[in-house]
Amino acid sequence: MYKFIRSSSALLSRGSHCADISRRPILCRPIGTCRSVSRAQFYQWNSGNNLRRQPTFTALFTSYVKVPCGGRWTYLRKIKSIRDFHTSGRCPAHPLLWVIVKPLIRVATMLTGRGFRKWWRKLPKDKRTYFRSVFYANRYSIAIAVCIICTSSTYYYVSHHQAAPITGRKRFIAFTPQQIIDVGQACCDEFKNEHEGKILPSSHPHYARVLRVANKLVLSNQDIDVMKGSTWRVYVIDEDIVNAFVLPTGDIFIFSGMLNLTQNDDQLAVVLGHEMAHALLEHTAEKMSHGHIAYFILLAVVAAIWAFFPSDIVASLMHWCAHRVNLLISELPNSRRLETEADEIGLQLAAKACFDVREASVWWNLMNLQEKSNGAQIPEWLSTHPATDGRAQKLDEQTPEALKLLLLNKCPELPLQDPRDIFRQKQAETVKLTMKDISKVVIDVPKVSTAKYAVSDKTIIVVSGGQVGKNAVSNLSPMPVFKEMQQQT
């Protein structure tokens, strides 16, 4: 049995035929012979790993053995257990630790800047002059140090760029795949615990519908390597919420409210294709990495704000402004860009699965109507997602290319009547019918009162004084119109 020595180089003479232990491992036999071996002989690789993975050394010392090695006697200490020696690698810290650590670092940065400001103010004038002179005398050294820090940061940023699956787009990734999987698994466990008792069984029709569409998407896109290597699981939550998402672990969560709103499997395929595209393109890792680098840049800005602004009130205001500016010019635009990319790739996934991709813009027009009915529309530049009407228009522009994918995949012919034309026709008929009914009704309302009056079976108008007639169309609540149009469709 060989004994692998991993001790100080002082045990062996440098002039011996055994190499220096600090440079190469030594393989010794209890019988007294000694020879040097290559480090590569002790690498034990896991199956499938490449040479960038960290090697593992295993040492086993069985007893005190007096060994002649390199002209000197060496004693091996008895160790009963096996130890693993690892070369340096990435820190295996869980990314969710940032949830706790980031606020603490932000507070520490703020207090450090504030402490520097107060310390500087208490200094006598001669001391300030002295420190200014020291700073001026060492300005070149300081400039070199700043350049080194900037160069190192730039190298870190550039060296962590990876090509996105499917699109090949280069983006910054700061986390390992396993770390992102850990985050996804933690979120999955938390979400399942939060909605315990509301997850529909596999025998439910909603579950069968989602599973049918998801399977068709997965099986039709096996030419994508990342799709082939992914494991997908479906969870249907029995809540009237219009939402769906897919975690990096491949867990698909969809609410029954979303299933009730989608009028057919083609629209459901658009939704699932979009969410699955987020997982395939690793958008979670990209978004976390983008926030990671922006966070450290913001820390330097926060430190400068609290160090150089004259009072805590002004510093607090500027601190708040810095976070809002970062949100508006960095985080929100990046989120909207990822959503747009997921729309495009999701449309391609649906097309290759032979779904009617013309339903994509119909779906987003329905979502646009629902947002208007709920009063949930906000300006696009304040949102994490692009405007729904803009998404519908963009998907209309991408539909011709998606239809070519249906031909390439030899899909069955689509219905001759375009669902987009049907949607526009139904929408125009509904608006025309509503206008006709309103024009027949005039209600006198006392100017001092505010009340609700049922104009017809289709809508309710809220008025505050004056007459209601053709000019009252702007007061219509669009929800009943939306419901009727959906039923007719």
Side-chain angles (χ1 to χ4, degrees), residues 205-206 208-221 234 236 242-246 252 254-278 280 339-373 385-430 481-489:
H206 279 344
R209 181 188 176 195
V210 176
L211 189 64
R212 179 177 66 251
V213 174
N215 273 331
K216 193 174 180 180
L217 286 169
V218 172
L219 295 176
S220 301
N221 288 275
V234 170
V236 181
V242 183
N243 192 19
F245 60 89
V246 178
I252 303 171
I254 186 167
F255 291 85
S256 57
M258 176 69 79
L259 297 174
N260 295 332
L261 189 60
T262 52
Q263 299 173 332
N264 48 55
D265 284 356
D266 298 311
Q267 293 181 6
L268 180 58
V270 170
V271 174
L272 292 180
H274 169 88
E275 300 301 337
M276 293 172 75
H278 278 306
L280 296 174
E339 292 294 331
T340 301
E341 186 179 51
D343 280 346
E344 181 180 358
I345 300 303
L347 191 69
Q348 295 175 12
L349 297 179
K352 291 165 67 176
C354 297
F355 288 102
D356 191 349
V357 292
R358 298 173 298 179
E359 292 280 1
S361 62
V362 175
W363 161 251
W364 284 113
N365 280 317
L366 286 172
M367 288 292 292
N368 185 39
L369 287 175
Q370 193 210 36
E371 287 183 0
K372 289 180 179 179
S373 67
H385 291 62
T388 50
D389 52 350
R391 296 174 84 167
Q393 182 178 357
K394 200 168 188 68
L395 286 169
D396 262 339
E397 296 171 359
Q398 296 168 357
T399 297
E401 292 297 324
L403 291 174
K404 293 179 182 178
L405 290 176
L406 278 97
L407 295 176
L408 291 175
N409 287 273
K410 299 179 180 179
C411 296
E413 291 186 4
L414 298 178
L416 294 178
Q417 195 167 14
D418 196 322
R420 295 171 291 183
D421 296 334
I422 298 175
F423 176 84
R424 297 187 189 103
Q425 182 181 358
K426 295 293 183 182
Q427 188 179 23
E429 289 177 358
T430 304
V481 177
F482 164 67
K483 285 184 176 179
E484 180 189 350
M485 183 193 60
Q486 187 180 3
Q487 291 169 1
Q488 292 180 2
T489 305

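These numbers were taken from a predicted model, which means no experiment stands behind them. Quick note: residue numbers are just sequence positions, from 1.
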- Query: Which is it for Leu268 and Phe355 under the side chain to side chain contact (heavy atoms under 4.5 Å, CB included) test, yes or no, and what are the steps along the way?
  - Reply: CA-CA 10 Å; Leu268 180 58; Phe355 288 102; over 6 Å; no

- Message: Run Leu408 and Lys352 through side chain to side chain contact (heavy atoms under 4.5 Å, CB included) and show every step you take.
- Response: CA-CA 8 Å; Leu408 291 175; Lys352 291 165 67 176; over 6 Å; no

- Query: Stepwise, does the side chain to side chain contact (heavy atoms under 4.5 Å, CB included) test hold for Glu341 with His278?
  - Reply: CA-CA 9 Å; Glu341 186 179 51; His278 278 306; over 6 Å; no

- Item | side chain to side chain contact (heavy atoms under 4.5 Å, CB included) between Ile252 and Glu275, intermediate numbers included | CA-CA 8 Å; Ile252 303 171; Glu275 300 301 337; over 6 Å; no

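For Leu217 against Ala269, the heavy-atom pair with the smallest separation is CD1-O, 4.0 Å. Across every non-hydrogen atom of Ala351 and Cys411, the tightest pair is O-SG, 4.0 Å. Nearest heavy-atom pair across Asp343 and His274 is OD1-ND1, 2.7 Å. The minimum heavy-atom distance between Thr262 and Gln267, with the atom names listed, is CA-OE1, 3.7 Å. Phe423 approaches Leu369 most closely through the heavy-atom pair CZ-CD1, 4.0 Å. Taking both residues in full, the closest heavy atoms of Asp396 and Ser361 are given as OD1-OG, 3.0 Å, listed atom of the first, atom of the second, then distance.
Looking at Gln427 and Asn365, their side chains never come closer than 4.5 Å, going by heavy atoms from C-beta outward. Contact of the Met367 side chain with the Arg391 side chain is not registered, since no non-hydrogen atoms from C-beta on lie closer than 4.5 Å.
Between Phe245 and Phe255, the angle of the ring planes lies from 30° to 60°, which puts this pair in the tilted group.
Between the side chain of Arg212 and the backbone N or O of Asp265 there is no donor-acceptor pair closer than 3.5 Å. Side-chain atoms of Asp266 come within 3.5 Å of backbone N or O of Asp356 as a donor-acceptor pair.
Atoms CZ and CG, from Arg358 and Leu347 in turn, are 12.5 Å apart once rounded to the nearest 0.5 Å. The distance from the CG atom of Leu395 to the CD atom of Gln393 is 10.5 Å, given to the nearest 0.5 Å. From Thr388, atom OG1 reaches atom NZ of Lys372 across 7.5 Å, with rounding to the nearest 0.5 Å. Separating the CG atom in Leu261 from the CG atom in Asn243 is a distance of 12.0 Å, to the nearest 0.5 Å. Here the CG atom belonging to Leu259 is positioned 4.0 Å from the CD1 atom belonging to Ile254, to the nearest 0.5 angstrom. Rounding to the nearest 0.5 angstrom, the gap separating the CG atom in Leu349 from the CG atom in Leu280 is 6.5 Å.
Within a 6.0 Å radius of NZ in Lys394, no more than 12 heavy atoms belonging to other residues, nucleotides or ligands are found.
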